[in-house]
Amino acid sequence: MNATTSYQAIITSPIGPLGIVIEEGVLYRINFLSDETTLQAAEGKPAAQVAAQLQHYFKQADWHFSLPLQPMGTTFQQQVWQQLRQIPLGEVRTYGEIARALNSGPRAVGNACRNNPLPVVVPCHRVVAANGPGGFAGQTQGRNLSIKGWLLAHERATL
DNA sequence: TTAGGTAGTCTCG
DNA sequence: CGAGACTACCTAA
């Protein structure tokens, strides 16, 4: 999130360093870090489990996470994130499709995706716009959007 | 291509 | 609380 976030681990991955927040073995938050912040990674015991599963996913996308998650958010956001986790590997949904499933609106779904605290594990990258790629990690272009593309290509490659 | 509609959240006051 | 302003959108014209 910002400089005040204290990460239990920083994991290097093909999409750059990932900052991980874990408490009591429960995963709360994953952040994409800039390549400069990769220095001190205090790799603790609870982080090892998360790190291992993430590395596994980056090696082979056909892998489904089994981690205790605690993404904090409103009830609507929880509903959206729940929907995201039901999108099968290698498939995508549009914001509108998710919205209809929840009797809501596309923009509201976009908002919830933007606030997803656990990207990659909760597959917000599998949600695209009706005509376009949509956004990722708060950006509608730039590095984060290319990460989205990388993840989708990675998953397609392992089908 | 745009104009208007939409739902959830945030920020003021 | 209420009004207004934000969005990783969608559809019709």
Side-chain angles (χ1 to χ4, degrees), chain A residues 1-7 9-23 26-38 50 53-55 57-58 60-65 67-159:
Chain A
M1 204 159 205
N2 52 39
T4 68
T5 308
S6 72
Y7 297 112
I10 297 179
I11 299 171
T12 58
S13 79
I15 54 177
L18 305 177
I20 309 295
V21 177
I22 302 169
E23 281 173 32
V26 177
L27 180 58
Y28 279 88
R29 172 109 215 151
I30 297 178
N31 287 332
F32 300 111
L33 305 179
S34 61
D35 289 316
E36 295 80 41
T37 56
T38 186
V50 176
Q53 295 205 20
L54 282 171
Q55 303 289 10
Y57 166 84
F58 285 118
Q60 183 179 336
D62 182 11
W63 159 266
H64 99 280
F65 293 98
L67 291 169
L69 310 178
Q70 193 75 67
M72 294 192 304
T74 68
T75 44
F76 175 74
Q77 289 170 336
Q78 305 278 357
Q79 292 181 77
V80 172
W81 301 335
Q82 183 55 40
Q83 291 289 316
L84 301 191
R85 302 180 66 189
Q86 289 169 8
I87 306 176
L89 178 79
E91 293 187 25
V92 296
R93 300 285 182 273
T94 66
Y95 297 98
E97 284 170 339
I98 304 287
R100 275 195 297 279
L102 295 175
N103 291 311
S104 178
R107 305 198 80 160
V109 172
N111 280 338
C113 292
R114 181 163 41 88
N115 291 109
N116 170 24
L118 302 177
V120 179
V121 176
V122 176
C124 49
H125 54 279
R126 295 182 196 154
V127 187
V128 299
N131 48 4
F136 194 65
Q139 298 182 355
T140 53
Q141 55 180 317
R143 176 172 96 113
N144 291 350
L145 195 53
S146 24
I147 291 177
K148 184 176 189 172
W150 189 95
L151 292 171
L152 289 173
H154 177 55
E155 295 187 348
R156 267 197 311 269
T158 56
L159 275 184

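Proteins come first, then strands; the chains are lettered A, B, ... in the order of their sequence lines, and each starts at number 1.
At most 12 heavy atoms of other shown residues, nucleotides or ligands fall within 6.0 angstrom of atom CD in Q141(A).
If you measure from atom CD of E97(A) to atom P of dA8(C), you get 20 Å, rounded to the nearest angstrom. In this structure, N115(A) places its CG atom 17 Å from P of dC6(C), rounding to the nearest Å. The CD-P distance, from Q77(A) to dA7(B), rounds to 17 Å in whole Å. Nucleotide dA8(C) holds its C1' atom 17 Å from the CZ atom of R143(A), rounded to whole Å. Summarising the geometry, the separation between CG on L102(A) and P on dG8(B) is reported as 9 Å, rounded to the nearest angstrom. In this structure, K148(A) atom NZ and dA8(C) atom C1' are separated by 6 Å, rounded to whole Å. One interatomic measurement links the two molecules: CZ of R114(A) to P of dC9(C), which rounds to 9 Å at whole-angstrom precision. Atom CG in N103(A) sits about 12 Å away from atom C1' in dA7(B), given to the nearest Å.
Nucleic acid contact class of F76(A) (heavy atoms, under 4.0 Å, all strands): sugar-phosphate only. Counting any heavy atom pair closer than 4.0 Å across all strands shown, G138(A) reaches a base atom. Looking at heavy-atom distances under 4.0 Å, G135(A) makes contact with a base. The residue A137(A) sits close to a base: some heavy atom pair falls under 4.0 Å.
The strand DNA chain B forms stems, runs of 3 or more Watson-Crick or G-U wobble pairs with distances below 3.5 Å, at B:1-5 with C:9-13, B:7-13 with C:1-7.
Across dC10(C), dA8(C), dT9(B), the shortest atom-to-atom separation from the side chain of P106(A) is found for dC10(C).
Judged by atom type and distance alone, N111(A) does not reach the base of dT9(B) through any side-chain donor-acceptor pair under 3.5 Å. In terms of polar N and O atoms assigned as donor or acceptor, the side chain of R107(A) comes within less than 3.5 Å of the base of dG5(B) in a complementary pairing.
Using a 4.5 Å heavy-atom cutoff, the side chains of E155(A) and Y57(A) are in contact. In this structure, the side chains of Y28(A) and I22(A) stay at 4.5 Å or more apart for every pair of heavy atoms. Here the side chains of V50(A) and I30(A) are not in contact, with every heavy-atom distance at 4.5 Å or above.
Judged by distance alone, with hydrogens and angles left aside, the side-chain atoms of H154(A) form a donor-acceptor pair with the main-chain N or O of F58(A) at under 3.5 Å. When atom types are taken as modelled, the side chain of K148(A) and the backbone of V127(A) share a donor-acceptor pair closer than 3.5 angstrom. In this structure a side-chain-to-backbone donor-acceptor pair under 3.5 Å is present from S146(A) to G142(A).
Put simply, S104(A) has no side-chain N or O that comes within less than 4.0 Å of OP1 or OP2 on dT6(B).
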